[in-house]
Amino acid sequence: MAIENLFWLGYIGAGAGLLFAFIQIRKVMSYPEGNETMVKISSSIREGANAYMKRQYLTVTAFFGIMFTLLLILSWFDFVNVFTPYAFLTGGLFTGLSGFIGMRIATYANVRTANAANTGLNKALRVAFSSGSVMGFVVNGLGLLDITTWFILLKFVFKVDDAGIAQTMVTFGMGIASMAMFARVGGGIFTKAADVGADLVGKVEAGIPEDDPRNPAVIADNVGDNVGDVAGMGADLYESNSNAIVATIALGFAAGYGYAGFLLPILVSAVGVLCSIIGTFFVRTKEVTTQKSLLRSLHLGVYIAGGLAALATIPLVMWLSGVSGQAMMNHQYVCCFQFS
């Protein structure tokens, strides 16, 4: 099998991550929300989070429309690659989508975690961890989907050369960074403003206790926690994850590793998704426990997933190193020939 065809394995990692995230969503939604008061407060927070995200994404859409037009004009005059405007759009789209999905499940999981804590600590941990894992697997799944799709389109549909592939896959990082900036900074400003408002008005002027739901700013503060610390952080994580893969691809191409340099980051990420799925099944604790044992349970899942990924990555690196050896020799020969 030609090494170019192995890029389809990126879809296996993306599909596994997104499928597991969907299973975790269904699992979280199967838990009850609690009593009427809990449902009412949770609904208010969810409504506020959806309103904020709608307003933010309208602003971001206008920004991306302007940037797409500018990049399209630049591509007509050959200042940038013709694929750059579309790569910019997809980068921003998947970044915003990952944050939005994570935020949505968080607004449904918060009240379910609180209600589950009434019956047992392990049950509450499972709800909270399952909802948190949705963000992680969505970030990796969508990142692999975007990167793999771009490579296959450029290589097999548009027949772009290696340099063009590397250039295009780097430029969609601009869209990712732009969307992550809006999500992280906007959400952070929102939650801090609501937090200060809740303290000043609630405790200082009205005499309402801290975190009392009768204070509207407390609801806004919880909205900010979801749109800033969940949606914003999710977009930020997507940027870090995807740009790390793209940067490694660019370095592999610049070093002359050929398709092996393109393929290794994608395969490592796909292996990481599969190992992470295994690691989630080891995160559990007893009903009577301590903070230390809770952290130990989380660390166990991380260590198992990381260990499995390391063991699986070693043969991948060794195999691709052998494949890339000839590519590097050819690269050095061509460079020496051009220099002479």
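Source: prediction; values computed, not measured. As a basis for the values below, the full set of heavy atoms in this structure was taken, side chains included, without hydrogen atoms, waters or symmetry mates.
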Quiz item: Taking it one step at a time, do Ile105 and Val28 satisfy side chain to side chain contact (heavy atoms under 4.5 Å, CB included)?
Solution: CA-CA 8 Å; Ile105 189 59; Val28 170; 4.0 Å; yes
Self-check item: Shortest non-hydrogen contact between Gln24 and Ser133, atoms and distance
Solution: NE2-OG, 3.0 Å
Quiz prompt | Heavy-atom pair with the smallest gap, counting every atom of Lys27 and Tyr31 | solution = O-CD1, 3.2 Å
Quiz item: Are Val302 and Leu308 joined in one hydrophobic group, where the rule is that I, L, V, M, F, W and Y side chains link up if heavy atoms are under 4.5 Å apart?
Solution: no
Quiz item: Can you find a heavy atom in the side chain of Met179 that is under 4.5 Å from one in the side chain of Val60?
Solution: yes
Quiz item: Between Leu9 and Leu267, is any pair of side-chain heavy atoms under 4.5 Å apart?
Solution: yes
Quiz item: Is there a donor-acceptor contact under 3.5 Å from the side chain of Thr84 to the main chain of Val80?
Solution: no
Exercise. State the CG-SG distance between Leu311 and Cys275, to the nearest 0.5 angstrom.
Key: 8.5 Å
Quiz item: Would you say Leu125 and Tyr303 are hydrophobically clustered, going by side-chain heavy atoms of ILVMFWY under 4.5 Å?
Solution: no
Practice problem: Please name the pair of heavy atoms, one in Phe137 and one in Val273, separated by the smallest distance, quoted to 0.1 Å. | Solution: CE2-O, 3.7 Å
Quiz item: Looking only at atom types and distance, does a side-chain atom of Ser75 sit under 3.5 Å from a main-chain N or O of Leu72, one as donor and one as acceptor?
Solution: yes
Quiz item: Is it the case that one hydrophobic cluster holds both Val268 and Leu263, taking links as side-chain heavy atoms less than 4.5 Å apart, direct or via other members?
Solution: yes
Quiz item: Considering only heavy atoms from C-beta outward, does the side chain of Met233 approach that of Arg184 to under 4.5 Å?
Solution: yes
Practice problem: Taking the six-membered ring for Trp and the single ring otherwise, decide whether the centroids of Phe64 and Phe88 are under 6.0 Å apart. | Solution: yes
Quiz item: How many angstroms lie between CG in Leu294 and CZ in Phe129, if you round to the nearest 0.5 Å?
Solution: 12.5 Å
Exercise. Give a yes or no on whether the backbone of Asn215 and the side-chain of Asp212 come within a donor-acceptor separation of less than 3.5 Å.
Key: no
Quiz item: Is there side-chain contact between Ile176 and Asn243, with at least one heavy-atom pair below 4.5 Å?
Solution: yes
Self-check item: Exercise: identify the closest heavy-atom pair between Phe190 and Ala220
Solution: CE2-O, 3.3 Å
Quiz item: Could you state the interatomic distance from OH (Tyr86) to CG (Leu93), rounded to the nearest 0.5 Å?
Solution: 15.0 Å
Quiz prompt | Test item: Ser98 side-chain N/O and Thr95 main-chain N/O as donor-acceptor pair under 3.5 Å | solution = yes
Exercise. Report yes or no: do Ile66 and Trp76 belong to one cluster of Ile/Leu/Val/Met/Phe/Trp/Tyr joined by side chain heavy-atom distances under 4.5 Å?
Key: yes
Exercise. Apply side chain to side chain contact (heavy atoms under 4.5 Å, CB included) to Val160 and Lys155, showing your working.
Key: CA-CA 6 Å; Val160 180; Lys155 175 63 181 177; over 6 Å; no
Quiz item: How about Asn115 and Glu33: do any of their side-chain heavy atoms sit closer than 4.5 Å?
Solution: no
Quiz item: What's the spacing between Asp195 CG and Leu200 CG if we round to 0.5 Å?
Solution: 9.5 Å
Exercise. Under the side chain to side chain contact (heavy atoms under 4.5 Å, CB included) rule, what do Leu300 and Val283 come out as? Steps first, then yes or no, please.
Key: CA-CA 7 Å; Leu300 178 63; Val283 179; over 6 Å; no
Practice problem: May I ask you to check whether Asn110 and Asn226 show a side-chain donor-acceptor distance below 3.5 Å? | Solution: yes
Quiz item: Can you tell me how far the CG atom of Leu71 sits from the CG atom of Leu89, to the nearest 0.5 Å?
Solution: 8.5 Å
Self-check item: Flag, side chain of Ser131 to backbone of Ala128, donor-acceptor distance under 3.5 Å
Solution: yes
Quiz item: What is the minimum heavy-atom distance between Thr313 and Ala309, and which atoms define it?
Solution: OG1-O, 2.5 Å
Self-check item: Thr113 side chain to Ala109 backbone, donor-acceptor under 3.5 Å
Solution: yes
Practice problem: Please report the shortest heavy-atom distance between Lys123 and Ala116, naming the atom on each side. | Solution: CG-CB, 4.0 Å
Quiz prompt | Validation row: Val157, Ile152 side chains within 4.5 angstrom (heavy atoms) | solution = no
Quiz item: Counting only N and O atoms by type, is there a donor-acceptor contact under 3.5 Å from the side chain of Ser269 to the main-chain atoms of Pro265?
Solution: no
Practice problem: For the pair Thr59 and Arg55, evaluate side-chain hydrogen bond (donor to acceptor under 3.5 Å, both in side chains) and give the outcome as yes or no after the intermediate values. | Solution: CA-CA 7 Å; Thr59 302; Arg55 186 66 189 89; 3.1 Å; yes
Quiz item: Under the 3.5 angstrom rule, does the side chain of Ser297 hit a backbone N or O of Arg284 as a donor-acceptor pair?
Solution: yes
Exercise. Kindly state whether the ring of Phe158 and the ring of Phe83 have centres lying under 6.0 angstrom apart.
Key: yes
Quiz item: Just checking, any donor-acceptor pair under 3.5 angstrom between side chains of Thr168 and Asn81?
Solution: yes
Quiz item: According to a 4.5 Å side-chain heavy-atom criterion applied to Ile, Leu, Val, Met, Phe, Trp and Tyr, with indirect links allowed, do Val230 and Met29 form part of one hydrophobic cluster?
Solution: yes
Quiz item: Rounded to the nearest 0.5 Å, what separation is found between the CD1 atom of Ile147 and the OG atom of Ser242?
Solution: 5.0 Å
Quiz item: Is the closest basic N to carboxylate O distance between Glu47 and Lys40 below 4.0 Å?
Solution: no
Quiz item: Using a distance-only test with no angle check, is there a side-chain donor-acceptor pair under 3.5 angstrom linking Arg104 and Asn50?
Solution: yes
Self-check item: is_close_aromatic(Tyr238, Phe94), centroid dist under 6.0 Å
Solution: no
Practice problem: Just say parallel, tilted or perpendicular for the rings of Tyr57 and Phe100, cut-offs at 30° and 60°. | Solution: tilted
Exercise. Could you please spell out the steps behind the side chain to side chain contact (heavy atoms under 4.5 Å, CB included) verdict for Asp221 and Asp225?
Key: CA-CA 6 Å; Asp221 187 20; Asp225 289 337; 4.1 Å; yes
Exercise. Scan side-chain atoms only and decide if Thr149 and Tyr11 contain a donor-acceptor pair under the 3.5 Å cut-off.
Key: yes
Self-check item: Trp8 side chain reached by Ile12 side chain, heavy atoms, under 4.5 Å
Solution: no
Quiz item: Does the Arg26 side chain pair with the main chain of Phe22, one donor and one acceptor, at a distance under 3.5 Å?
Solution: no
Quiz item: Between Ile45 and Ile219, is any pair of side-chain heavy atoms under 4.5 Å apart?
Solution: yes
